[in-house]
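All values reported here derive from a predicted model rather than from experimental measurement. Residue numbers start from 1 in every chain, and the chains themselves are labelled A, B, ... in the order their sequence lines are given, proteins ahead of strands.
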2 protein chains.
Amino acid sequence: MTKKEIAPIIIGKLLNIGGMLQKNGNYMLQPFDLNQQQFSILFSIYESGKVNQKSMVNKLVLEKAHVSKVVKKLHGMELIDIKPSDDDKRSSWLIITEKGKKTVKACQKIMYKWNEDWTKDIELSKLQTALESLQVLQSLFNENT
Amino acid sequence: MTKKEIAPIIIGKLLNIGGMLQKNGNYMLQPFDLNQQQFSILFSIYESGKVNQKSMVNKLVLEKAHVSKVVKKLHGMELIDIKPSDDDKRSSWLIITEKGKKTVKACQKIMYKWNEDWTKDIELSKLQTALESLQVLQSLFNENT
DNA sequence: AATAATTAGTTGACAAGGAAACTATATTGT
DNA sequence: ACAATATAGTTTCCTTGTCAACTAATTATT
């Protein structure tokens, strides 16, 4: 197979897998009233301790309008606090609440379980190879978009 | 790294790459008034010569409601013909039009170009490794969802 | 210091995609 | 043959995500 032949197959598979994972994520998070994207934003706040929207837009490469709306939803669900920043009055600090922490942990539990399931029958070395390949692809796409 | 550590990173990367590719696809197809999903449905009709919605729903793993709407749009754009089937009056044959063929080819041209760009600096062997990994992952996820 | 240009975040309008109910036709079981 | 069930596709309603215009605050320019 030539590069020309292989490239579109790789793209096709990545799109297919991405879609499947998103659907599956949404499905698993359903009981928490969150979808995969919303969780990734919540998780990012959880990890950082204290962030503003801008840094999340950069980190997760999302639309700022979208992040703004999700933040509103998460705040409405009392999963995060919003504290006005002193240095820059345009932006606020997003901080996870106790309830938010509990939610993140509960979600993670389900995800860990699922990860155990799908990695059950594959050797670690193959996973490592896959990760390396993904890293290469990711950097190639980052450069060429 | 253990499986437990590596698994969520792989998932994260796949979601990230999938999102990037979708965005990039939408962007490239913009001049044709199509998005990545719509093109994949159009392309599937183009490839098959003659299909009904059901087989596309199966092949591409999409919601039938969604496919129905996209088919309507593609028909409205005169990219496909809809011919009632004789064997089953509930379903119709979807057939690409001349205009549709032209559109597919024009889209492919752009995509080929982009594929050349991002594969320019990577060896074929690495692409092959990546494809193999993706195939493994895809089948794992298919089993575990 | 005053004006212009950026930047953080919000809002509103709109397209995309998913779930469920629905229509019309086909298939199955008795 | 007839009722029950299943299937192909459509429609409706709702949420999500994108784009563009906007507000308010900040930084840069003269």
Got a list of side-chain donor-acceptor pairs under 3.5 Å for residues 15-24 of chain A, not counting sequence neighbours?
residue: A:Asn16; atom: OD1; partner: B:Gln138; partner atom: NE2; Å: 2.8
residue: A:Lys23; atom: NZ; partner: B:Val61; partner atom: O; Å: 3.0

Extract all donor-acceptor atom pairs below 3.5 Å that involve side chains of residues 63-79 of chain B and protein atoms in other chains or at least two apart in sequence.
residue: B:Lys73; atom: NZ; partner: B:Asp33; partner atom: O; Å: 3.1
residue: B:Lys73; atom: NZ; partner: B:Gln38; partner atom: OE1; Å: 3.1

Side chains of residues 124-133 of chain A: which donor-acceptor partners sit under 3.5 Å, not counting sequence neighbours?
residue: A:Thr129; atom: OG1; partner: A:Ser125; partner atom: O; Å: 2.9
residue: A:Ser133; atom: OG; partner: A:Thr129; partner atom: O; Å: 3.3

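By the salt bridge (Lys or Arg N to Asp or Glu O under 4.0 Å) test, A:Lys109 pairs with no residue at all, sequence neighbours left out. Checked against salt bridge (Lys or Arg N to Asp or Glu O under 4.0 Å), B:Asp81 has no partners two or more places apart in sequence or in another chain. Considering only residues two or more places apart in sequence or on other chains, B:Glu5 meets the side chain to side chain contact (heavy atoms under 4.5 Å, CB included) condition with B:Met1, B:Thr2.
Through side-chain heavy atoms spaced under 4.5 Å, either directly or across other Ile, Leu, Val, Met, Phe, Trp or Tyr residues, B:Tyr27 is tied to no other residue.
With respect to B:Lys101 and B:Glu98, a salt bridge is recorded, a charged nitrogen being found less than 4.0 Å from a carboxylate O.
The same ILVMFWY cluster, assembled from side-chain heavy atoms under 4.5 Å apart, contains both A:Ile122 and B:Leu134. Following chains of ILVMFWY side-chain contacts shorter than 4.5 Å, one can reach B:Ile82 starting from B:Val104, so the two form part of one hydrophobic cluster.
Judged by distance alone, the side chains of B:Asn142 and B:Ser139 never bring a donor and an acceptor atom under 3.5 Å apart.
Using five terminal pairs a side, the axes of the helix from C:dA1-D:dT30 to C:dT30-D:dA1 at its two ends make an angle of 30°, given in steps of 10 degrees.
Within residues 55-83 of chain B, the residues having any heavy atom under 4.0 Å from DNA chain D are, by residue number, B:Lys64, B:Ala65, B:Ser68, B:Lys69, B:Lys72. Proximity of residues 22-41 of chain B to DNA chain C (heavy atom under 4.0 angstrom from any strand atom) is restricted to B:Asn35, B:Gln37, B:Gln38.
Nearest-nucleotide assignment on DNA chain D puts the 5′-proximal partner with B:Ser91, out of A:Asp86 and B:Ser91.
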Using the 3.5 Å cut-off, write out each protein N or O paired with an N or O of nucleotides 1-7 of chain D and the distance between them.
residue: D:dT7; atom: O2; partner: B:Arg90; partner atom: NH1; Å: 2.2

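A cation-pi contact links B:Lys50 to B:Trp93, judged by a cut-off of 6.0 Å to the six-membered ring centre and 45° from its axis.
Using a 4.5 Å cut-off on side-chain heavy atoms (C-beta onward), B:Thr119 and A:Leu140 make no contact. Two residues are said to be in side-chain contact when any heavy atoms from C-beta on lie closer than 4.5 Å; A:Phe141 and A:Ile11 meet this criterion. B:Phe39 has its side chain out of reach of B:Thr103: every pair of non-hydrogen atoms, C-beta onward, lies at least 4.5 Å apart.
From the 5' end on, the contacts that DNA chain C makes with chain A at under 4.0 Å to a non-hydrogen atom open and close at C:dT7 to C:dG18.
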